[in-house]
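Encoded as structure tokens, the structure appears first; notes follow it.
Numbered from 1 within each chain, the chains take letters A, B, ... in sequence-line order. These numbers were taken from a predicted model, which means no experiment stands behind them.
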Amino acid sequence: QQLILAHGATEETAYHLSAERFKQLLEEKTDGELTVSLYSNGVLGHETEMFEQQTAGALDFSIVNPGLISEFSHTASIFSIPFLYRNLEHWRHVLDGEAGEEIARRIEMETGVRVLAYYGGSTRQIVSTRPLESLDALKGMKLRTNPARPTTTAWAALGTRPTVMAYREVYTGLQLGAIGGLLNEAEWIYRMRFHEVAPYIGLSAHDITVRLLTISNRTWNALTPTQQRAMQSAANESETYARELQIRLDREAREALREEGATFFPMDRERMQRIVAEPLGRIIDEMGLRDVHEMIVNTP
Amino acid sequence: MMPIDWLPLLPWLLFVLLGVLIIAGVPIAMSLVLTSFSIILFDPRLTPWILFQRMYYGMDSFVLLAVPLFLLAGNLMNAARITDRLITLCLHLVGHIRGALAHVNVLVSMLFAGVSGSSTADSAGIGTVLIPAMKKEGYPAHFSVAVTAASSVMGIIIPPSINMIVWGALTSTSIAGLFLGGIIPGVLIAATQLLLNLGYVRRYEVPKRPRATLGQIVSSGKDGLLAAGIPVLIIGGITLGIVTPTEAAVMAVFYALLLGFVIYRELSFKKVLQASTDTVRLCSLSLFSLVGAAIFGYLISFYRIPPQLMAGVEITDPTTLLIVATLVMLLVGTFMDSLPAMAILAPIFQPLAAQAGVDPLQFGVISVMALGLGLITPPYGLCLMISARIGGIPLLGALGTTLIYLLVMLAVIGALILFPELILFLPQHFGPQ
Amino acid sequence: MAITTAIGRINRQLERLLNVLLLLLLAGFMLLIVYQIVSRNLGFLPQLYWTEEMSRFAFQWMIMLGTAIGVWHGDHFVLEAFPHGSRADRVGRIVRDSSCLLVGVIFITFGFGFALSGFNRIATASQLPMVVTYSTFFVCGVLILSFSMHRLLLTAERGVYAMEETLNTLSEPDEPNTTPCIQGGDPPPTDASQHRETAP
Ligand code: NA
Ligand code: NA
């Protein structure tokens with residue numbers, strides 16, 4: 001039986017390499033009973049549309065950014081909350097522990113799409129056109145963010161002025177001074193050459209990316225229990241690979257950035273978390289995500 | 001459920017079935033829907049739900065909203081009799097030259113192209129005035145019809161252009177870039193057509209006019225400049241990043257209303273209502289073919305047709321790829337309207353062009369032009385048909401002369417293929433990025 | 001036949017209603033875009049994120065409703081492969097309307113499920129369930145069914161060319177046909193002999 005896995009990224013990314021690993025593992029573990037056909041570059045639709053196809057049983061697998069599926073699952077928005085994890089270790093424990101399990105259960109209940117694995121592992125930082133010696137440097141900075149409310153609220157509380165700008169226009173925006181900074185992962189700062197025009201990188205580590213490897217329930221339920229076990233085990237093994245790969249790419253990109261002259265500034269994360277706690281708390285309540293948030297905070 | 005062995009045939013059935021339905025006379029948009037639906041029924045991996053999701057996303061683009069708006073602006077300008085004013089201006093400028101009306105025909109088309117987003121509006125608006133006038137002055141009908149039809153093609157090349165907006169939406173190419181990229185090719189076409197006119201009018205006994213006075217030129221120049229405000233507004237607004245193409249289209253509508261109501265005083269509420277009704281009806285038809293093409297494009301990706309084509313013929317040379325693409329588009333454009341043709345061909349050729357390293361702007365402008373030439377070739381040459389009907393001659397009567405103009409435009413395409421700078425110069429130096 | 005007349009009467013009312021709706025939709029999304037430009041440049045007006053979303057929704061309804069009217073008047077792009085009056089041409093014209101009918105049936109049958117699936121998704125900015133725009137196909141299907149049924153019934157009664165003479169008219173028959181994208185080909189000859197044929 002041939003199954004289809006689609007994602008929106010290009011072929012040299014961790015997305016694609018992890019998908020290939022999953023495909024290989026699944027085919028091995030089921031002795032070729034299940035095969036996977038990979039579609040990259042979003043040729044079958046954008047991430048949100050692919051996920052919607054899964055909810056309707058019109059696509060088997062996809063790798064999706066949870067921030068893009070909030071239209072179907074409000075639980076998935078939890079991953080849009082900045083300053084959620086204490087560090088990479090905590091991030092791992094959240095995803096592999098009770099919290100991760102509960103989030104996956106709720107997403108499945110809300111959408112009919114099953115989370116097989118949590119990929120991801122890039123750390124998001126702040127890139128700026130001016131040095132970030134202290135948090136005061138953030139005051140009044142025009143910061144390009146995505147328009148999600150938790151992000152804009154947190155960064156407004158930190159003194160910046162969040163603005164929306166198309167990703168393609170960011171480089172020129174930094175160059176011309178239309179914006180003073182943006183939030184991004186080292187890998188993408190490097191790929192997009194943002195450090196050429198904004199060489200100061202604040203290690204805010206305000207977010208660690210999560211990507212969901214998902215399967216449509218319709219596909220899952222049609223599998224035999226043996227096949228399901230094989231698939232889950234393939235997903236788990238690919239998960240380890242995907243995270244290690246993404247974390248390594250992130251580290252390598254930071255080194256490459258440093259070599260090309262970017263300056264890194266450590267940031268007072270504890271103080272940042274204290275500043276955003278109150279306004280973010282209100283939003284978490286409004287979004288009805290208090291209990292999931294508590295689970296994450298209480299994860300050791 | 002059919003045996004799995006039939007699955008490899010489905011992608012080819014896609015094209016066969018589409019061809020059969022179109023030739024049988026089924027509307028092109030409906031053919032796309034029906035073909036896709038049949039394939040989906042046959043393939044156990046696909047469900048009818050996907051038909052609707054892809055069709056929906058075919059029309060879920062904010063950029064496409066610019067299409068009805070530019071059409072409305074063009075229709076309002078026609079209703080405000082802006083063509084008459086542009087013709088007067090051009091006559092004042094070149095009326096004293098031999099064969100003035102032929103040159104005016106080209107010049108007005110060039111100016112009007114900057115106002116309207118479509119070529120058919122141009123041949124209708126300009127043809128109704130100029131073809132009878134040319135015949136009266138002694139130009140042969142076939143020549144009058146041919147010049148009108150050929151010059152109207154500039155409507156889709158000089159910005160604003162509905163075809164470029166649709167191309168941009170289909171391929172995620174910068175619309176501002178396409179607009180800027182179309183300016184030099186458009187002017188090149190006008191220049192070559194003027195040269196061709198010079199050759200032709202020497203054969204005809206046509207009168208000269210007295211040279212216009214400075215006062216006449218100034219008074220008609222004012223009207224012409226006001227009309228020329230539209231492209232300035234649009235190109236300026238978009239390239240400076242003040243407005244998106246869609247917002248620029250709204251501004252064009254309001255500008256047209258301002259000119260029509262306040263300055264020219266030609267518009268009435270009834271005329272606006274009529275122009276709006278025509279616009280809405282017309283653009284639904286054009287855009288519904290994009291809706292149908294969206295599911296067709298999905299199936300082309302689903303069956304991985306571009307890589308399969310690429311495996312057969314390895315085209316890595318940009319020039320070769322552009323020549324092949326141009327020839328295919330010329331052929332398809334002959335039988336089909338530009339917009340559905342674009343929607344079918346873009347997903348096939350765009351990955352190939354990217355792989356061969358062709359600049360997306362160069363590819364976009366050339367594709368829009370090559371498909372647009374179908375406007376003056378039978379059997380589906382709308383501009384030629386409209387002009388021939390106005391000229392009161394059978395379509396075949398004007399075909400010979402039109403083909404000469406067509407060849408010249410092909411030569412321009414050839415130049416654009418060999419010298420990408422002709423397209424890329426303006427976007428690179430004045431583009432928004 | 002009574003049923004043909006009845007459908008024709010319904011369709012005429014439908015078209016009148018649709019024309020008003022279409023104009024309202026056009027005016028609606030234009031105003032929404034104007035508000036976007038104005039609010040972005042004037043600080044005191046709130047930036048409403050749902051304006052972009054609603055203007056797209058209005059646009060989508062406009063396309064699908066306009067498409068349905070286009071079916072009634074035979075306005076859609078076609079390729080005319082056979083000479084007017086030939087047997088193949090007559091058959092082609094009947095195939096054309098039947099295919100539209102089939103599309104209407106598909107839109108109704110399968111578009112209903114698609115419309116329902118819109119309840120599972122909430123539009124980001126306006127917080128409306130997507131059924132508000134996913135239902136366009138179903139509604140368009142119902143209209144297409146009614147319009148193409150009328151065409152086919154009329155063809156059965158009077159022949160395909162006479163039907164087209166009656167229905168293939170733009171809203172203002174006196175206006176010169178200056179509109180692009182209308183189906184190609186010269187207008188059908190009005191020679192009376194063409195009208196006597198009956199549907200096969
Ligand atoms: Na134009
Ligand atoms: Na043609």
Side-chain angles (χ1 to χ4, degrees), chain B residues 21-31 33-34 37 48-49 51-53 55-56 59-62 64-65 68-69 72 78 118-121 124-125 128 243 246-247 250 253 273-274 276-289 291 335-337 340 379-380 382 385-386 389, chain C residues 19 22-23 25-27 29-30 33-34 36-37 52 55-56 59-60 62-67 69-71 75-82 89 91-93 95-96 99-100 102-103 106 109-111 113-114 117 133-134 136-137 170-172 175-186:
Chain B
L21 288 179
I22 289 179
I23 290 171
V26 175
I28 292 165
M30 304 296 176
S31 308
V33 174
L34 290 174
F37 181 74
W49 182 90
L51 174 86
F52 293 94
Q53 197 217 25
M55 288 199 296
Y56 177 78
M59 58 179 179
D60 185 48
S61 155
F62 186 66
L64 284 180
L65 267 78
L69 297 172
L72 179 60
N78 255 346
S118 81
S119 291
T120 30
T128 35
V243 288
T246 312
E247 295 171 349
V250 172
V253 169
L273 220 55
Q274 184 60 46
S276 310
T277 308
D278 288 351
T279 302
V280 170
R281 295 269 307 270
L282 186 63
C283 93
S284 316
L285 298 181
S286 317
L287 292 172
F288 184 64
S289 48
V291 171
F335 293 103
M336 213 188 259
D337 188 81
Y380 202 78
L382 280 171
M385 285 192 293
I386 293 171
R389 201 181 304 166
Chain C
N19 273 335
L22 287 174
L23 287 178
L25 289 168
L26 177 71
F29 74 67
M30 250 171 66
I33 298 171
V34 169
Q36 275 173 57
I37 306 178
E52 194 260 11
S55 57
R56 268 186 293 123
F59 171 70
Q60 287 153 3
M62 190 193 86
I63 295 176
M64 296 311 289
L65 296 181
T67 294
I69 301 188
V71 166
D75 283 346
H76 283 272
F77 306 113
V78 295
L79 178 75
E80 308 226 331
F82 307 104
D89 182 57
V91 174
R93 280 162 202 271
V95 168
R96 184 172 307 162
S99 72
C100 289
L102 187 56
V103 168
I106 293 172
T109 323
F110 297 96
F114 181 70
S117 78
T133 154
Y134 280 11
T136 46
F137 294 100
L170 288 169
S171 37
E172 212 81 342
E175 289 273 316
N177 182 4
T178 58
T179 43
C181 309
I182 302 304
Q183 76 175 51
D186 296 291

Kindly indicate whether the side chain of C:Ile69, heavy atoms from C-beta on, has any atom under 4.5 Å from the side chain of B:Arg281.
yes
For chain C, the option from B:Leu65, B:Leu34, B:Val33, B:Leu287 that forms the most heavy-atom pairs under 4.5 Å:
B:Leu65
Test item: B:Ser31 side-chain N/O and B:Val26 main-chain N/O as donor-acceptor pair under 3.5 Å
yes
Which atoms of C:Phe114 approach chain B - backbone, side chain, both or neither, heavy atom under 4.5 Å:
both
Region of B:Leu21 that comes under 4.5 Å of a non-hydrogen atom in chain C:
neither
How long is the straight-line distance from CZ of C:Phe137 back to OH of B:Tyr56, given to the nearest 0.5 Å?
8.5 Å
Contact part of C:Phe59 toward chain B, heavy-atom cut-off under 4.5 Å: side chain, backbone, both or neither?
side chain
Answer key: most heavy-atom pairs under 4.5 Å with chain C among B:Thr279, B:Leu64, B:Leu51 is B:Leu64
Counting heavy-atom pairs under 4.5 Å with chain B, which one of C:Gly70, C:Ser117, C:Gly113, C:Ala27 comes out on top?
C:Ser117
Quick one: pull up CG in B:Leu72 and OG1 in B:Thr277 and give me the separation to the nearest 0.5 Å.
10.0 Å
Option that, when pairs with chain C are counted at under 4.5 Å, heavy atom only, ranks first among B:Asp60, B:Val250, B:Ile23:
B:Asp60
Between B:Ala29 and B:Ser289, the two heavy atoms sitting closest are CB-CA, 3.7 Å
Hey, could you give me the CG/CG distance between B:Leu273 and B:Asp278, rounded to the nearest 0.5 Å?
10.0 Å
Identify the heavy atoms of B:Gly25 and C:Arg96 that sit nearest to each other, and give their distance.
O-NE, 2.7 Å
So, the part of C:Leu26 with a heavy atom under 4.5 Å from chain B: the answer is side chain
To the closest 0.5 Å, what do you measure between CZ (B:Phe52) and OH (C:Tyr134)?
13.0 Å
Heavy-atom pair count under 4.5 Å with chain B, highest-scoring of C:Val34, C:Leu23, C:Ile33, C:Ile63
C:Ile63
Which bit of B:Phe62 comes within less than 4.5 Å of chain C, counting heavy atoms only: side chain, backbone, both or neither?
both
Among B:Ser284, B:Pro48, B:Ser276, single out the residue with the greatest number of heavy-atom pairs under 4.5 Å to chain C.
B:Ser284
Between C:Leu65, C:Thr136, C:Thr133, who has the most heavy-atom pairs with chain B when the cutoff is under 4.5 Å?
C:Thr133
